[in-house]
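Here the structure is laid out as structure tokens; the discussion comes afterwards.
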Amino acid sequence: MKRLIISILAAFAVLTVSAQRLNMPILGGELSNSAATSVADIDEVMPRMRALGLNTVLVPAYWELIEPLEQSQTNMSSAERRQKSTEGQPMEPTEGQFDFTLIDRTIDVAKRERLHVVFLWFGAWKNSMSCYAPGWFKQDTKRFPRAMTAEGKQMEIASCFSDNVLQADLKAFSALMRHIKERDPQREVVVMMQIENEIGMLESARDHSPLAEKAYQKERWAERYGTDEYADEKFMALSYARYVEHLAKAARQIHDMPLYVNAAMNSRGRRPGEYPSAGPLAHLIDFWREGAPSIDLLAPDIYDTGFKSWAAQYAIPPRPQDGGKVKNRLFIPESRCCENSGVRALYVFGEHQAIGFSPFAIDQASEKETESVTKAYGLLQQLWNGGLLNCKMSWGLLFDQEDCERVIDDDGVTITCRHFFTLPWDPRATDGSTWPEGGAILIRLGKFDYLLAGSGVVASFKTPTEKQQEERKQLGEDGFAEAGGSADWQPQKRFKGKRLGLLSVDEVEIDSGGTMQYLRRHNGDQTHQGRHARIGVGEWKLLHIKLYEY
């Protein structure tokens, strides 16, 4: 069977401006923090990322390795500097000279491997701290002052209220953007930029340095918002955003591309200062939008439990006060790389029409952890080939042992989706081990016509009246009712209305031209004699499901 998927896409919504400028889904992975600090690192890691099925690699751009070299080294050729770097001899920093050897190598190898790159500017801050600033910056605290606690303790955090800090950071970042434009003028490789990394305050909810106190008093912040730690966090959020806006505006003028900032989550009951407070967190989005209007996306780094809840906070739909514009498209630049990463990727694309997904430190992950990413990205690429990714007629499914069912009402079709282990016959469901997450994208192609792409899920289809009248039965390991029925069983009244049945369930694939290719028919035991469509745990499939009414 062949079918041109693109022919049915007229009803699907177009992407937002940010996504259109990308013109691709980011099926990504972020490198660990020291993975691209030499030419040898880059040469080794990028082909591995391509082999994992990524189309985009998120690569740090380290300020301390870009600006600059000792004066005695400025006359070295790029080849000589590269040789010194690969011999393990670090370049000593001094202000005013730039070396883009690592940036160039990343772009060149990525282009050879047919990969895209998102550079992460590790500038004035990385995970709140100023650890990637050059040595000349770190050592001169008079010129580049530190943030302070209320008790006057200096922190390893540059003060965002210092113009000297801003100008040094801006100068280096602008030089990087100009070089990327020269090296990749059509954005064939470098498709997006992250400005700073997990910006935020630690130890204290806000900066109490003299420059910060002057700005705080000038804003009359205490009179507007109060003096508690949450008011302090709002002050810092606006201040950080204004700082970032300087870099974002410069980037726009030099080499226009999508820009984003990422946030470490305010999780586990922590208070401002116990997490990186004042970063681009969901509860501070209005302050970040006010201070940094040139930023396209605010992005969450999700490592804690409650993945669906964190993702939903950053998938912010249009509001009247925003002129009908999407307030924030979901992009997850960092997520814990684990065996559940693949189904989580499917979920965010299906449920939130995400721009992209990227497990962190994927270069250091085990094969068991990366396998799910490779499998899921293969399915997502097929959907993209067919023009079916990021359409509004889709749902994301993500299940675990506690959250194992979702009921979807779709224009006269009630779809009950569950974790695969809710079926009674798989012994892994009851062997005492924690269930791996199951997840999928469910896409409506037309009336009574669906695609299900994922792993570890089961879906049944009923009319609304049929769903209301369905009998609740305890099933045995063979999938049939237990002898004697259940204690709460009551005689059923006369059935009313129509039912839905499975007309066909076909396992398919979508080729690079967008054509659906038939692989095999699922029926009999594979659909429990027409009761459901399912994809087992550890399997990764694309099912084309057609229904009929009787």
Side-chain angles (χ1 to χ4, degrees), residues 61-64 66-68 93-98 121-150 152-178 193-222 232-254 259 261 276-280 284 287-295:
Y62 309 97
W63 186 6
E64 67 175 349
I66 289 175
E67 184 187 9
T94 190
E95 187 176 359
Q97 302 292 325
F98 297 94
W121 176 236
F122 284 12
W125 302 283
K126 191 271 179 188
N127 291 49
S128 299
M129 313 302 283
S130 298
C131 54
Y132 279 99
W136 53 264
F137 181 102
K138 293 178 179 178
Q139 294 170 338
D140 192 348
T141 56
K142 182 176 181 180
R143 183 179 169 201
F144 306 110
R146 304 290 181 85
M148 293 182 178
T149 66
K153 181 176 70 171
Q154 291 191 83
M155 295 180 283
E156 188 76 6
I157 300 173
S159 176
C160 69
F161 298 95
S162 166
D163 188 61
N164 286 341
V165 170
L166 171 61
Q167 294 306 319
D169 194 359
L170 178 62
K171 178 182 177 182
F173 181 67
S174 298
L176 173 63
M177 291 301 299
R178 283 192 292 270
M193 292 292 297
Q194 175 184 291
I195 299 181
E196 311 298 345
N197 184 84
E198 292 189 357
I199 198 169
M201 285 290 296
L202 287 172
E203 295 190 54
S204 177
R206 73 170 177 90
D207 183 359
H208 290 270
S209 67
L211 288 172
E213 288 298 323
K214 182 178 179 180
Y216 183 82
Q217 297 300 328
K218 184 178 180 181
E219 294 270 3
R220 303 178 68 86
W221 200 264
D232 284 353
E233 183 182 35
K234 293 173 184 176
F235 169 72
M236 281 304 300
L238 184 59
S239 302
Y240 274 135
R242 288 170 174 169
Y243 180 106
V244 166
E245 176 66 7
H246 286 284
L247 276 66
K249 286 181 69 174
R252 288 267 181 264
Q253 294 170 0
I254 296 168
L259 307 169
V261 286
S277 63
L284 300 171
F287 293 93
W288 272 87
R289 286 302 187 206
E290 177 186 342
S294 298
I295 291 293

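Only this structure's heavy atoms are used, side chains among them; waters, hydrogens and symmetry mates stay out.
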Note, [X] side chain near [Y] side chain (heavy atom, < 4.5 Å):
{"X": "Leu238", "Y": "Leu284", "value": "no"}
{"X": "Ile254", "Y": "Ser174", "value": "yes"}
{"X": "Met129", "Y": "Ile157", "value": "yes"}
{"X": "Pro145", "Y": "Ser209", "value": "no"}
{"X": "Ile66", "Y": "Leu176", "value": "yes"}
{"X": "Trp121", "Y": "Glu196", "value": "yes"}

Can you tell me how far the [atom1] atom of [X] sits from the [atom2] atom of [Y], to the nearest 0.5 Å?
{"X": "Glu67", "Y": "Phe98", "atom1": "CD", "atom2": "CZ", "answer": "4.0 Å"}
{"X": "Asp207", "Y": "Met155", "atom1": "CG", "atom2": "CE", "answer": "6.0 Å"}
{"X": "Leu202", "Y": "Ser128", "atom1": "CG", "atom2": "OG", "answer": "4.0 Å"}
{"X": "His208", "Y": "Glu213", "atom1": "NE2", "atom2": "CD", "answer": "6.0 Å"}
{"X": "Phe144", "Y": "Ser130", "atom1": "CZ", "atom2": "OG", "answer": "11.5 Å"}
{"X": "Lys214", "Y": "Gln217", "atom1": "NZ", "atom2": "CD", "answer": "12.0 Å"}

Geometric class of the Trp125/Tyr243 ring pair [parallel <30°, tilted 30-60°, perpendicular >60°]: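 Judged by the thresholds at 30° and 60°, the geometry between Tyr243 and Trp125 is perpendicular.
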
Residues Trp288, Tyr240; criterion ring pair (Phe, Tyr, Trp, His ring centres under 6.0 Å); working and verdict: CA-CA 8 Å; Trp288 272 87; Tyr240 274 135; 7.1 Å; no

Lys138, NZ atom: more than 12 neighbouring heavy atoms under 6.0 Å: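 More than 12 heavy atoms, drawn from other residues, nucleotides or ligands, come within 6.0 Å of this atom.
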
Centroid-centroid distance, Phe235 to Phe161, less than 6.0 Å: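 For Phe235 and Phe161, the ring centres are under 6.0 Å apart.
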
For [X], all residues meeting side chain to side chain contact (heavy atoms under 4.5 Å, CB included), sequence neighbours excluded:
{"X": "Lys153", "result": "Thr149, Glu203"}
{"X": "Gln253", "result": "none"}
{"X": "Ala248", "result": "Ile195, Glu245, Leu259, Ser294, Ile295"}

Stepwise side-chain contact (heavy atoms from CB on, under 4.5 Å) check, Trp221 with Lys234: CA-CA 9 Å; Trp221 200 264; Lys234 293 173 184 176; 3.8 Å; yes

Modelled atom types, side-chain donor and acceptor of Trp63 and Asp169, under 3.5 Å: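 Judged by distance alone, the side chains do not pair up.
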
Ser162-Asn164 side chain donor-acceptor pair, cut-off 3.5 Å: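 Their side chains do not contain a donor-acceptor pair, so the 3.5 Å distance test is not met.
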
Check: Glu233 side chain, Ala278 main-chain N or O, donor-acceptor pair, under 3.5 Å: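 The answer is yes, because a donor-acceptor pair under 3.5 Å joins these two groups.
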
Arg242 with Glu219: basic N within carboxylate O range, under 4.0 Å: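 Salt bridge between Arg242 and Glu219, a charged N being under 4.0 Å from a carboxylate O: yes.
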
SB check Arg143 Glu95 (cutoff 4.0 Å):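 Counted as a salt bridge, because a side-chain N and a carboxylate O are separated by less than 4.0 Å.
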
Candidates Cys160, Pro276, Ser277 - the one meeting side-chain contact (heavy atoms from CB on, under 4.5 Å) with Met201: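 Option passing the side-chain contact (heavy atoms from CB on, under 4.5 Å) with Met201: Ser277.
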
